[in-house]
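Working notes, beginning with the structure itself.
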Amino acid sequence: MNEAGPEFPATFDQEFVRQDGHHGYFGRNVLKGLVDGMEGFLEEKRRTPGFRSMGPVALGAFLWLDDPDLAACLARFSHICVVVSKQGRSKRDLEKLGKLKPLADGDNGMPASAFAELTDLDWRENSRAKVLGPGSSMSDPVIPPLRTIGFRRHPKGDMVPFLHTKIMLLGEMWWHDEDALGGVADVLGFRPERCGWAARTPRTGPGAAWSSGCGSTTRRPWKPRRHSWSS
């Protein structure tokens, strides 16, 4: 115990190595383990980029993004999209939002065309869904680096569902000039490679870990549909 109050001893902090060779962390500053893993991934991709690489990608989901080291690390990825829980509109909340404006306004968003499930979607026009047909041109929207999801808690209101665990999926964007049938086409894809998380649970306390992933997403042929997403 110190003058500021009770705290965990330094022996509470532990680092371990998983069977797959990746590191895990337990203790007071597990977020540093998450950021260190992201920095290591960036360095790895700088040394040995994949075939026809368009740069490293980071996809994440957080309750909130208020760590400057994590935000700075995200800004160094070629493409990112981080989803956070909707925040309030108090003066303090707006000040927190203002600190994320440089990240939100960045030009390193995620091309929707890298994901087959998103190729039928487009931004709304005048708050209404676009109507697409056989003669419509195919758009290529970019998902902004920062988006919100869920419910906004009102002042002095009840708690609402929110994201808790910080989850990061790291990978690489790639391009190809042929489609699945060998025809000439501009194809983008996302290759997931590593998953990391940081969380606090009542039983185990705070922890973080990284693991390897595999698989890939590609773009499928476009089919006109009437879908949209809101900005």
Side-chain angles (χ1 to χ4, degrees), residues 31-87 94 96-124 138-150 163 165-177 186-198 208 210 212-213 215-219 228-231:
L31 189 57
K32 181 180 183 301
L34 192 69
V35 175
D36 287 349
M38 294 168 63
E39 293 285 5
F41 184 80
L42 284 172
E43 180 59 29
E44 177 184 316
K45 290 303 171 183
R46 276 192 288 266
R47 294 195 309 266
T48 56
F51 179 65
R52 290 184 171 176
S53 173
M54 296 179 65
V57 174
L59 305 178
F62 307 147
L63 167 62
W64 183 237
L65 177 57
D66 57 1
D67 183 80
D69 293 334
L70 179 56
C73 181
L74 284 168
R76 290 193 284 275
F77 279 78
S78 300
H79 302 281
I80 66 170
C81 183
V82 174
V83 179
V84 299
S85 296
K86 286 186 177 178
Q87 304 297 303
L94 293 177
K96 290 166 57 180
L97 285 169
K99 295 179 181 179
L100 290 179
K101 183 173 175 56
L103 181 66
D105 291 343
D107 58 358
N108 59 338
M110 191 71 186
S113 54
F115 300 92
E117 293 79 4
L118 302 182
T119 53
D120 295 335
L121 302 178
D122 203 347
W123 297 110
R124 292 176 181 267
M138 184 175 179
S139 62
D140 192 14
V142 175
I143 308 171
L146 186 67
R147 291 184 62 80
T148 60
I149 193 173
L163 298 168
T165 302
K166 287 182 170 64
I167 300 176
M168 291 301 309
L169 179 62
L170 309 182
E172 197 166 20
M173 185 79 75
W174 55 264
W175 67 273
H176 198 54
D177 54 8
D186 292 324
V187 180
L188 297 180
F190 167 65
R191 180 171 49 250
E193 299 183 26
R194 199 166 299 169
C195 181
W197 59 267
W210 285 98
S212 297
S216 179
T217 65
T218 56
R219 193 166 112 183
S228 66
W229 50 28
S230 59
S231 58

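Predicted, not measured: the structure shown is a model, and the values here were computed from it.
- Atoms NZ and CG, on Lys101 and Leu146 in that order, are 11.5 Å from each other to the nearest 0.5 Å.
- Here CG of Leu59 is found 7.0 Å from CE of Met168. Values are rounded to the nearest 0.5 Å.
- To the nearest 0.5 Å, the span separating CG on Asp67 from NZ on Lys166 amounts to 8.0 Å.
- Contact record, Ala58 with Leu170: CB-CD2, 3.8 Å, taken as the closest heavy-atom pair.
- Listed here is the closest heavy atom pair of Glu172 and Val57: C-CG2, 4.1 Å.
- The shortest side-chain heavy-atom distance between Leu103 and Ile80 falls under the 4.5 Å cut-off.
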With side-chain contact (heavy atoms from CB on, under 4.5 Å) as the test, would you mind laying out the steps for Ile149 and Val84 before giving the verdict? CA-CA 6 Å; Ile149 193 173; Val84 299; over 6 Å; no

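- Pairs engaging residues 46-62 under the salt bridge (Lys or Arg N to Asp or Glu O under 4.0 Å) rule: Glu43-Arg46, Glu43-Arg47, Arg52-Asp177 [sequence neighbours left out].
- Rounded to the nearest 0.5 angstrom, Ile143 CD1 and Trp123 CH2 are separated by 7.0 Å.
- Judged by distance alone, the side chain of His79 and the main-chain N or O of Gly109 form a donor-acceptor pair under 3.5 Å.
- The two residues Arg147 and Cys81 come nearest to each other via the heavy atoms CD-SG, 4.5 Å.
- Side-chain contact check for Trp174 versus Val187: some heavy-atom pair is nearer than 4.5 Å.
- In this structure, Asp69 contributes its side chain and Val35 its backbone to no donor-acceptor pair below 3.5 Å.
- Between Phe115 and Phe190, the angle of the ring planes lies from 30° to 60°, which puts this pair in the tilted group.
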For side-chain contact (heavy atoms from CB on, under 4.5 Å), just list the numbers for Phe41 and Phe77, CA-CA rounded to whole Å, side-chain angles, deciding distance to a tenth of an Å, and then say yes or no. CA-CA 10 Å; Phe41 184 80; Phe77 279 78; 4.0 Å; yes

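- Between Leu70 and Leu31, the shortest heavy-atom contact is CD2-CD1, 4.2 Å.
- Between the side chain of Glu39 and the main chain of Cys73, no donor-acceptor pair closer than 3.5 Å is present.
- With a 6.0 Å radius and a threshold of 12 heavy atoms from other residues, nucleotides or ligands, Lys32 has its NZ atom at or below the threshold.
- The two atoms that bring Asn108 and Leu74 nearest to each other are ND2-O, 3.8 Å, heavy atoms only.
- Considering CH2 of Trp64 and NZ of Lys96, their distance stands at 6.0 Å, rounded to 0.5 Å.
- Nearest heavy-atom pair, Pro111 versus Leu188, reported as atom, atom and distance to 0.1 Å: CB-CD1, 4.1 Å.
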